[in-house]
Enquirer: 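What follows is a single structure, and I will ask about it in a moment.
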Amino acid sequence: MKAKLKLTLFSAVAAGLVSMPSFAQSPAEKVYIPHGKYDEFYAFLSGGFDGQVNVYGLPSGRHLKTIPVFSAYPMNGYGYSEETKAMLMTSHGWIPWGDSHHPELSQTNGVPDGRWLFINENNTPRVARIDLKTFETTEILEIPFSGGNHASTFITPDSKYITAATRFSVPIPQKDVPIAEYKKYFKGTLTFVRADKPGKMDIAFQILVPGYDYDLAHCGKGPSYGWCFFTSYNTEQAHTLLEINASMKDKDYIAAVNWKRAEQCIAEGKYKEVKTKYAHNYRPPEGDRIARTEWKTSVKWIIPKECPGVMYYLPTPKSPHGVDVSPDGKYIIGGGKLATVIPIHSFEKMINAIKNKQFAGEVEGIPILKYEAVNHCELPNPCLGPLHTEFDGKGRAYTSCFISSDVVIYDYKKCKVLDRVPTYYSVGHLMIPGGDSAKPWGKYLLPMNKITKDVFLPTGPELPHAAQLYDISGSKPQFLLDMTELGEPHYAQAIPASILMKKTLKIFELDKNTHPYATKSEEAAKVVRKGNEVHIYMTAIRSHFTPDNIEGVKVGDTVYFHVTNIEQDWDIPHGFAVLGANTSNLLIMPGETLTLKWTPKEPGVYPFYCTDFCSALHQEMQGYIRVSPKGANVPIKYGTGEEMHVVK
């Protein structure tokens, strides 16, 4: 009877009459997305040392897209095309690689809204904005006076600010000093970046702080709105063998920053204007879509002792890594990676401790609050190596545990362990959709693991990083899926697909393309010589380039292929590549213009072609450019088919 009922249910599901009841669904059925259906969530995972953001569908775990951010990306020409090169400019020069860590969705009233995704770069301190209409990076801001931007890009509930902070304290400003004199010369900065105006991202202020390592952050919400919290370790201020020398103290600190007070001090002139140089790179999502670099020349420094009330230290055991704020904004959970407990601080107690001046001392004008005055409770015997915490919106917290390779689930108000789930192996960050926001969606748990041996087919010495998907909608977590990941994911964010799908841009409207070299019809295609520069105004459409035969280029010329995809149909990009180019191919979206710069070294006839299979005659979408010796008397000649235009 039971088998017959199940068969009937599957038949009804297959006919589209009913949805599969949860009691009948196996893990495989829960992650299976049939043809014509979509995943419930977009998940954005940082790429770590690949410098990018990788987009997955949940619950299927399918990789949907890589969004290039801090690393040049030859698949679509990001960082190689003339329109995107400026995105990778810094005060250190053009840098083709970055280390991306913590994506963060923009928020309205503390809830992810799907406008933008922010992400930080750790090695060369930067933050970036991704436009979620196009899934493209549109803005990158460099962070000066910083060494390793790790506690970033955590956002205020109104998207006003994103955070950035010094992971590695350094001499500020930089200068030649003995490393052994670390305590004398090294400082840190906590940076607040104004982020709510696209194209206008800039540093609102920096707070100059003691020379510790500032690791992670999260901002308050509800009653704790106006505050952000940063973990710090190496309060020992060691400079060598940190695994020993930065692990001596029983407690380090969570830095509680009152950014509303910081705004007051800025308004009152209680800051120092400091000269510097840092890059703001912006690529408009419409119009000419050409990235430009604006050089910024100063920042505002707040010195805590000159702005009383701007910052307090909360003692937190031991070498805290993650810091997370509950959805109601009342609790601050520290992940002391060397601690035997998980400390849960009370925001209300913190405010009372400040009012009552329950201080245990101070550092450089920053009061240290008494631990027992701010601590709500210590979760006993949680796990080994607690790191990061997310919330499901149902009163439960989930903390990743690196050493014991599991996630502990607990009631953070009652300080009671409820459950735990295993991970394989050495989990770092974890993610619940909306799990760091005011209203988590709370359906899935995604722990992200650092070690995967024995989980996937071996691929030599280098193995993929992995995530594991759990269904947490019921009373007991259910394991669903192992996922491989690109790069080394650190943090992730997820948002319902229904929010983003309706925002998605399908084409760039050709008549709104204001690129100075846009060619909007085949009749307008041409080749123009300007001294030793040759500019080719080219169109691409299924299945030919115009022009597809070009002569008159000489060795020593710099050739610019300005290619406009004049298609106006969704999902019809065209690629472009030429033999001997030392950049990459271009991948040109419908209505877009991109430019490939090419300097031919030897005479000859060089083929170019479309790299993206666009039609049944894709192989025929090619052409030739003739290169003559330097000084040759060969006129510019170009055309398509039998007709050739000669430029005298």
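Only a predicted model underlies this, so the values are computations on that prediction, with no experimental measurement involved.
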Enquirer: State yes or no: are the ring centers of Tyr56 and His63 separated by less than 6.0 Å?
Expert: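 Under 6.0 Å, so yes.
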Enquirer: Only one of Thr153, Val69, Val55, Ile130 clears side-chain contact (heavy atoms from CB on, under 4.5 Å) with Leu117; which?
Expert: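 For Leu117, the side-chain contact (heavy atoms from CB on, under 4.5 Å) test succeeds with only one of Thr153, Val69, Val55, Ile130, which is Ile130.
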Enquirer: Flag the pair Phe135 / Tyr42 as yes when their ring centroid distance falls below 6.0 Å, and as no otherwise.
Expert: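 Close enough - the centres of the two rings lie under 6.0 Å apart.
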Enquirer: Enumerate the salt bridge (charged side-chain N to carboxylate O under 4.0 Å, His left out) contacts for residues 96-110, please, sequence neighbours excluded, ordered by first and then second residue.
Expert: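 Every candidate salt bridge (charged side-chain N to carboxylate O under 4.0 Å, His left out) pair involving residues 96-110 fails, so no pair, neighbours aside, qualifies.
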Enquirer: Are Asp158 and Lys160 within salt-bridge range, i.e. N to O under 4.0 Å?
Expert: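 No, Asp158 and Lys160 are not salt-bridged.
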Enquirer: Do the side chains of Asp406 and Arg420 get close enough for a salt bridge, i.e. N-O under 4.0 angstrom?
Expert: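 So Asp406 pairs with Arg420 through a salt bridge.
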Enquirer: Tell me the side chain to side chain donor-acceptor pair (under 3.5 Å) pairs involving residues 470-484, sequence neighbours left out?
Expert: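 Of all non-adjacent pairs touching residues 470-484, those that pass side chain to side chain donor-acceptor pair (under 3.5 Å) are Lys30-Asp471, Lys30-Gln478, Asp419-Lys476, Gln468-Asp482, Asp471-Ser473.
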Enquirer: Has the side chain of His490 got a donor or acceptor atom that lies under 3.5 Å from a matching backbone atom of Ser46?
Expert: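 Judged by distance alone, no pair lies under 3.5 Å.
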Enquirer: So, the side chain of Thr137 versus the backbone of Pro68: is there a donor-acceptor pair under 3.5 Å, distance only?
Expert: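 At least one qualifying donor-acceptor pair exists.
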Enquirer: What about the rings of Phe545 and Phe576, do their centers lie closer together than 6.0 Å?
Expert: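 Aromatic pair counts; centres sit under 6.0 Å.
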Enquirer: Is Glu139 salt-bridged to Arg194, cutoff N-O under 4.0 Å?
Expert: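 The answer is no: the pair does not qualify as a salt bridge.
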Enquirer: Is a side-chain donor or acceptor of Asn565 paired with a backbone partner of Leu594 at a separation under 3.5 angstrom?
Expert: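 Such a contact is absent between Asn565 side chain and Leu594 backbone.
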Enquirer: Could you tell me whether Asp131 and Arg129 make a salt bridge, using a distance below 4.0 angstrom between a side-chain N and a carboxylate O?
Expert: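 Salt bridge flag = no for Arg129 with Asp131.
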Enquirer: Could you tell me whether Tyr214 and His150 have their ring centroids closer than 6.0 angstrom?
Expert: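 So the answer is no for these two rings.
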Enquirer: Taking NZ, NE, NH1 and NH2 as the nitrogens, is one of them in Lys512 or Glu286 under 4.0 Å from a carboxylate oxygen of the other?
Expert: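 Answer for the salt bridge query: no.
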Enquirer: Looking at Lys443 and Asp392, is there a salt bridge between them, counting it only when a charged N and a carboxylate O are closer than 4.0 Å?
Expert: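 So Asp392 does not pair with Lys443 through a salt bridge.
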Enquirer: With the threshold set at 4.0 Å, does a side-chain nitrogen-carboxylate oxygen contact exist between Glu136 and Arg289?
Expert: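 Judged by the 4.0 Å cut-off on N to carboxylate O distance, Glu136 and Arg289 do form a salt bridge.
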Enquirer: Quick check against the 3.5 Å criterion: does Asp288 have a side-chain atom that pairs as donor or acceptor with the backbone of Ile290?
Expert: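 Looks like yes, one N/O pair under 3.5 Å.
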